[in-house]
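Reviewing the structure listed below.
Every heavy atom of this structure was used, including side-chain atoms; hydrogens, water molecules and symmetry mates were not.
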Amino acid sequence: MQTELAPQLAGTPEGQTAQAILNKCVHCGFCTATCPTYQLLGDELDGPRGRIYLIKQIAEGKPATEKTRLHLDRCLTCRNCESTCPSGVDYGHLIDIGRKWAEEQTNPRPLVERLLRKALAFGLTNKILFENGMRVGRIVKPLLPKVIQQKIPTGKQPGLRPANNLHHSKMLMLEGCVQPGMLPNINNATTRVMSKLGIDVLVASKAGCCGALKYHLNEQEAGLADMRRNIDAWWPYVTGKAPECNGHKVEALIMNASGCGVTVKEYGHILRDDPLYAEKAQVISNLCKDLIEILPSHTETLKKLVGQSSKKGVVYHPPCTLQHGQQIRGKVEGLLTSIGIGVRLCTDSHLCCGSAGTYSVTQPELSEQLRKNKLAHLHTACEEFDADVIVSGNIGCITHLQQDDKPVLHWIEIVDQLISKQARSK
């Protein structure tokens, strides 16, 4: 789809990137078949092909309207279309550019909407503010509206972390901005399992939000600042100069939240034109690994740690940011199966659950429809497979899908539980 850039965009990095992406699109429409919002709304402009056409219009000089912005807002950025596209259209990066252009060219959003987006961008990413808010939320949870109650998971004891000076092998982990306050056991379980595998998991205290929340809410400069801050915080560990490294460079930067992982893996692309950070950003992206990219090489050790006793099966919900954003499929199922845990996927497992970062707050009606559809499929799979637990690999999906009758855990928590159970039985 040839695109002739408007004069004001010609020669700009964003314009050139958008043009290269747009030129790959052949407008075949394969993407619409797997787009969750198109399936719900049936509007061409609420599918990838229609949104690409809207962004092409902006690129060629047609001013964006509030209607344009609405259709771009409704995109989940699940990137299912990228998995379907035969032409390799980089839709995820294109939608970020299109949203930025639309925001710049349209009237300011209503005040309440602006305040909400600011609160999400800067409140969720403030660790102290968020964790204190979560504590208060748990106390007054019964008094809150049901939609808010769903966002406050029940607290549970996260257990202890092992010391980080037990092993020569070192890896770095991003704790995330909301995960420590909402479900701290995910990080603690990760460190316990990794320690059993002979790996110290280190945390850079000055690292914070990966930048995705702000960046995707069109607070792009603030998102870029988060990314640069993280690179600075991680660099002493990358070079082995941090005191906790004991002279050893970290072997990987672990992500146990696939939403963070897909963003950090793209630091190199996002900061490619930054003269101070481009090279370091690419090093960080290359070092970044989802947890499921690390553990399969330790399968034999894990088998011994979890033992030979029969294990209850689970139903797995693969996050969009893992299966579409990072293009990692089948690895979680393969690992769990190899250590004796049966795994079942539900119908339409490729479709988004509706969480999508802050989407469940900014587009609550569409998000809830997707949530109900996903839960119906997950419950059916649990009944057919006689599974009591749903597992996933991203904090957003896990909290979005929580209900009273069926727990949703991170898959690493299941591995951690089995290792602890086997150790107690000896």
Side-chain angles (χ1 to χ4, degrees), residues 125 127 160-177 179-180 184 186-212 223-302 305 326 328 331 335 393 412 415-416 419:
T125 58
K127 185 177 179 181
L160 300 175
R161 293 191 185 190
N164 63 8
N165 58 352
L166 302 176
H167 311 290
H168 289 297
S169 182
K170 313 286 184 186
M171 293 188 183
L172 193 58
M173 180 177 71
L174 175 64
E175 293 196 295
C177 48
Q179 194 158 278
I186 295 174
N187 287 335
N188 287 13
T190 300
T191 61
R192 288 192 292 267
V193 172
M194 296 302 284
S195 184
K196 291 289 185 181
L197 299 176
I199 300 167
D200 284 343
V201 175
L202 309 179
V203 174
S205 60
K206 293 182 180 180
C209 178
C210 66
L224 292 173
D226 282 348
M227 296 175 195
R228 295 185 184 106
R229 178 209 58 220
N230 286 346
I231 293 171
D232 289 338
W234 291 331
W235 203 248
Y237 297 84
V238 174
T239 58
K241 295 179 180 178
E244 304 98 305
C245 289
N246 295 325
H248 299 278
K249 296 180 181 179
V250 294
E251 300 170 21
L253 172 56
I254 302 172
M255 298 287 151
N256 57 18
S258 59
C260 300
V262 71
T263 298
V264 177
K265 285 185 176 183
E266 293 182 346
Y267 276 15
H269 171 83
I270 297 170
L271 293 167
R272 67 194 182 282
D273 296 316
D274 188 316
L276 296 179
Y277 283 89
E279 187 175 341
K280 288 183 177 180
Q282 191 57 58
V283 171
I284 292 294
S285 291
N286 293 342
L287 200 62
C288 179
K289 302 291 181 187
D290 189 88
L291 187 58
I292 195 55
E293 295 179 276
I294 303 291
L295 263 61
S297 61
H298 300 274
T299 300
E300 292 306 314
T301 304
L302 284 171
L305 288 169
Q326 299 185 52
I328 296 174
K331 287 196 173 186
L335 175 72
I412 195 63
V415 178
D416 178 53
I419 291 174

If you compare all heavy atoms of [X] against all heavy atoms of [Y], which two are closest, and at what distance to 0.1 Å?
{"X": "C210", "Y": "V264", "answer": "CB-CG2, 4.0 Å"}
{"X": "L253", "Y": "L174", "answer": "CD1-N, 4.3 Å"}
{"X": "A252", "Y": "I294", "answer": "CB-CD1, 4.0 Å"}
{"X": "C288", "Y": "G261", "answer": "SG-O, 4.0 Å"}
{"X": "A204", "Y": "L172", "answer": "N-CD1, 3.9 Å"}
{"X": "A207", "Y": "A233", "answer": "N-CB, 3.6 Å"}

To the closest 0.5 Å, what do you measure between [atom1] ([X]) and [atom2] ([Y])?
{"X": "E175", "Y": "I254", "atom1": "CD", "atom2": "CD1", "result": "12.0 Å"}
{"X": "L335", "Y": "L295", "atom1": "CG", "atom2": "CG", "result": "5.5 Å"}
{"X": "E293", "Y": "D290", "atom1": "CD", "atom2": "CG", "result": "6.0 Å"}
{"X": "I284", "Y": "N230", "atom1": "CD1", "atom2": "CG", "result": "8.5 Å"}
{"X": "H167", "Y": "N246", "atom1": "NE2", "atom2": "CG", "result": "12.5 Å"}
{"X": "L197", "Y": "S169", "atom1": "CG", "atom2": "OG", "result": "9.5 Å"}

Regarding D232 and R229, does a basic nitrogen lie under 4.0 Å from an acidic carboxylate oxygen? no
V201 and S195: side chain to side chain contact (heavy atoms under 4.5 Å, CB included), yes or no, with the steps? CA-CA 7 Å; V201 175; S195 184; over 6 Å; no
Sorted by chain and residue number, the side chain to side chain donor-acceptor pair (under 3.5 Å) partners of N286 (sequence neighbours excluded) come out as Q282
Would you say [X] and [Y] make side-chain contact, with heavy atoms under 4.5 Å?
{"X": "I292", "Y": "I412", "result": "no"}
{"X": "V238", "Y": "L287", "result": "yes"}
{"X": "N188", "Y": "L160", "result": "no"}
{"X": "V283", "Y": "I231", "result": "no"}
{"X": "L202", "Y": "M171", "result": "no"}

Selection residues 187-210 - residue pairs positive for salt bridge (charged side-chain N to carboxylate O under 4.0 Å, His left out), sequence neighbours left out: K170-D200, R192-D416
Once salt bridge (charged side-chain N to carboxylate O under 4.0 Å, His left out) is applied, what residue pairs with a partner in residues 237-260 remain, sequence neighbours excluded? none
Check salt bridge (charged side-chain N to carboxylate O under 4.0 Å, His left out) between E279 and all other residues, then give those that pass, not counting sequence neighbours. none
Worked check of side-chain hydrogen bond (donor to acceptor under 3.5 Å, both in side chains) between N256 and N187: CA-CA 8 Å; N256 57 18; N187 287 335; 3.0 Å; yes
With sequence neighbours left out, write down each residue that passes side-chain contact (heavy atoms from CB on, under 4.5 Å) with D274, or none if nothing qualifies. R228, L271, L276, Y277
Which residue pairs satisfy the ring-ring contact (aromatic ring centres under 6.0 Å, His included) criterion with at least one member in residues 248-275, sequence neighbours excluded? H93-H269, H168-H248
Backbone N or O of P184 within a donor-acceptor pair of the Q179 side chain at under 3.5 Å? no
S285 side-chain N/O to G268 backbone N/O, donor-acceptor pair under 3.5 Å: yes
Could you walk me through whether L305 and V415 pass the side chain to side chain contact (heavy atoms under 4.5 Å, CB included) check? CA-CA 9 Å; L305 288 169; V415 178; over 6 Å; no
Does the side chain to side chain contact (heavy atoms under 4.5 Å, CB included) test come out yes or no for K289 and M255, once each step is laid out? CA-CA 6 Å; K289 302 291 181 187; M255 298 287 151; over 6 Å; no
